[in-house]
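These notes concern the structure reproduced below.
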There are 2 protein chains.
Amino acid sequence: MTSTARKPSRIQTENRQRIRDAALGLFATHGFRGTTLDQIADACGMHKPNLIYYFDSKEAIHIDLLNTLMEEWLSPLDAMDPDGDPLEEMMGYIRRKMEMSRLYPRESRLFANEIVQGAPRMLPHLESTLKPLFDRQCGIINRWMTEGKLAQMHPAHLIFSIWAVTQHYADFEAQIAVLLPGDDKRARGAEAFVEAMFRKVLTP
Amino acid sequence: MTSTARKPSRIQTENRQRIRDAALGLFATHGFRGTTLDQIADACGMHKPNLIYYFDSKEAIHIDLLNTLMEEWLSPLDAMDPDGDPLEEMMGYIRRKMEMSRLYPRESRLFANEIVQGAPRMLPHLESTLKPLFDRQCGIINRWMTEGKLAQMHPAHLIFSIWAVTQHYADFEAQIAVLLPGDDKRARGAEAFVEAMFRKVLTP
DNA sequence: CAAGTTTTTTACCATTTGGTAAAGTTACGA
DNA sequence: TCGTAACTTTACCAAATGGTAAAAAACTTG
C-alpha cells in the first residue's frame, strides 16, 4: 500500500497552479464542454498528457476549481458581523461583492456557467455548505429588520438581488461593454450606483 | 439556378419549430458546445441527418434561436411609453421582465450563456439592435428624472440592475431552488419583493 | 393514380477529443 | 555522484461528434 498523502513538491505546486489558472479562464469563457484539454495545455505551455499527470481528468480540474471557488465566494458573506451596525454591515458586504466582481470576473463567470447549467457538479456543495450559511445570514438580517435597523423586506430575496446586481457586472460584461463604452470609469460608476441604490433600499 | 425563396411547406414549418423547441432547452442547459446533434434529434424524435435537412448546421440552429430570441427579448423595453406615467411605466416594465423570467426561463438562460461566454455570435446584433434602443430608453428615463418624476440616478445602471435582478430568477434557478425550497409561492414572493424594491428605489 | 417532389432513414466518414503507454529527461536525496 | 523517483514528451487509440451520400418512403399535384 502506497502512502496516499504526500507533501507535494515545489514543481507539483507550481504546475498545478499554472494549470488551474489557465483552465479557469477557459472554463469561464467557453464552459466545461467548450474547453478542450489541448486548449488548456496550450494556454499554460504544457503538453496534454502532462495535465493528466497533475489532475486525473479534465473533470478533476473543473471540480478542483469549483471547490476552491466556493470558499472564496462565501467568505464575504461569512465576514458579516452580527454585532456590527446593520446598515454598514450590509453596505460593507455589497462593497465587497462589487470588488470581487471587478477583481475576479473569471471566477464569477465560472460560477455563473455552472449554475445556469443546473449546477451539475455543485448542487451537493450548495446544499451542504452554502445553504446553512445562507440561512444563518437570513436570520441575522431578519433580526436587524425586526429591530427596525433595516427596512423590512424578505431577507432571502434581498440577498438574491445583491448577488444578481453585483455579479451581473462580471457575468454580463460583454453586453455592458457594448452599451456603456466609456471604459475608464465604468467600474466606479457601477459601484457608486449600486451602493446608492441599496442604501436607499435598506434604509428604514 | 434554383429559386432561393420558396414558401415553406406545412411539414417544413412544423419540423423546424420542433427542432427549435428541442434545441432551445438543450442549448440553454448545456450550452452550445455541450449539446450534440444526437441529443437534439433524440429530444424531438427525429434522426440526425434530418436536422441538417432543415438547418444547414448545428450553428445555424443556434443562430436561428438567438435571432428570434433577440426580438422577443427587446419587446418589453420597446413597449415603454414615453408619454405614460413615469413610475408606472417603469413598474410595468419590471413586471413584464419578471413575467418573462418566469414564463421563458429557457430563453433567459440561452441568452445568459451567450453573453457570459463573451457573446461570440451576438455582439454585432447587440451593437446594431440593442444599443440604439437602449440609448433611446436611457434618454427617456433621464428626462423623467430631470422632470422630477423619478428619483435621480444613472439610467444605464438602473436598467442593468433591473435586468440583473429579474433575469437572476431564471438564470440562477438551480441555486435559488436549493436556498428557498418553498416551491409553491416562490415566484409570487419574488415578484412582490422585486416590485417593492424598485418602487422604493424609483420613487423620488 | 402516376410522376415528380419532398421528407426520412440507413450506412458511412473525417475530425476532434479525452485519455493511455511507454520511452526519455530532469531533479534530488543519500 | 550515482540511483531513483519525479516529471516530460512522443506516439498512439477508441469513442464521440458534426456532417454527407444516397436509397427508401411519403406526400403532392396534374
Could you write out each protein N or O paired with an N or O of nucleotides 24-28 of chain C at a distance under 3.5 Å?
from, atom 1, to, atom 2, distance (Å)
C:dC28, OP1, A:R10, NH2, 3.3

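In this structure, B:I52 atom CD1 and C:dT7 atom P are separated by 16 Å, rounded to whole Å. Per the geometry, NE2 belonging to B:H47 stands 17 Å off P belonging to D:dA24, to the nearest Å. A straight line from CG of A:D42 to P of C:dG18 spans 13 Å, rounded to a whole angstrom. Note: CE (B:M46) to C1' (C:dT7) measures 9 Å, nearest angstrom. Note: CG (A:L51) to C1' (D:dT8) measures 12 Å, nearest angstrom. The nearest whole Å value for the distance from the CG atom in B:N50 to the C1' atom in D:dT20 is 14 Å. We find that CZ of B:R16 is positioned 15 Å from C1' of C:dT6, with the value rounded to whole Å. Rounded to an integer number of Å, the gap from OH of B:Y53 to C1' of C:dT5 is 9 Å.
Here B:Q12 does not reach the OP1 or OP2 of C:dT6: none of its side-chain N or O atoms lies under 4.0 Å away. Listed pair A:N15 / D:dT8 meets the phosphate criterion, a side-chain N or O lying under 4.0 Å from OP1 or OP2.
Listed by first then second residue, pairs satisfying side chain to side chain donor-acceptor pair (under 3.5 Å) with a partner in residues 136-145 of chain A read A:D78-A:R136, A:R143-A:E147, not counting sequence neighbours. Applying the side chain to side chain donor-acceptor pair (under 3.5 Å) test to pairs two or more places apart or on separate chains, none has a residue in residues 67-76 of chain B.
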Review item, side-chain donor-acceptor pairs of residues 19-31 of chain B, under 3.5 Å, at least two apart:
from, atom 1, to, atom 2, distance (Å)
B:R20, NE, B:D64, OD1, 2.6
B:R20, NH1, B:Q17, OE1, 2.7
B:D21, OD1, B:R106, NH1, 3.4
B:D21, OD1, B:R106, NH2, 3.0
B:T29, OG1, B:G25, O, 2.8

Tabulate below the donor-acceptor pairs under 3.5 Å that side-chain atoms of residues 79-87 of chain A make, not counting sequence neighbours, or state none.
from, atom 1, to, atom 2, distance (Å)
A:D81, OD1, A:D83, N, 2.9
A:D85, OD2, A:E88, N, 3.1

Without placing hydrogens or testing angles, list every side-chain donor-acceptor pair under 3.5 Å for residues 118-125 of chain B, not counting sequence neighbours.
from, atom 1, to, atom 2, distance (Å)
B:R121, NE, B:H62, ND1, 2.9
B:R121, NH1, B:E59, OE2, 2.5
B:H125, ND1, B:T129, OG1, 3.3

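Remark: B:I61 CD1 to B:D56 CG distance equals 10.0 Å, nearest 0.5 Å.
In the region residues 29-39 of chain B, proximity to DNA chain C at under 4.0 angstrom, judged on heavy atoms, holds for B:R33. A heavy-atom distance below 4.0 Å to DNA chain C is reached by these residues of residues 54-63 of chain A, ordered by number: A:S57, A:K58.
Ion pair A:E191/A:R188 flagged as a salt bridge, since at least one NZ, NE, NH1 or NH2 atom sits closer than 4.0 Å to an Asp/Glu carboxylate oxygen.
Not a single side chain to side chain donor-acceptor pair (under 3.5 Å) links A:T166 to another residue, sequence neighbours left out. Applying the ring pair (Phe, Tyr, Trp, His ring centres under 6.0 Å) criterion to A:Y169, with sequence neighbours excluded, gives B:H157. For the salt bridge (Lys or Arg N to Asp or Glu O under 4.0 Å) test, no residue two or more places apart in sequence or in another chain qualifies with B:E107. Under the rule for a salt bridge (Lys or Arg N to Asp or Glu O under 4.0 Å), B:D42 has no partner lying at least two apart in sequence or in another chain.
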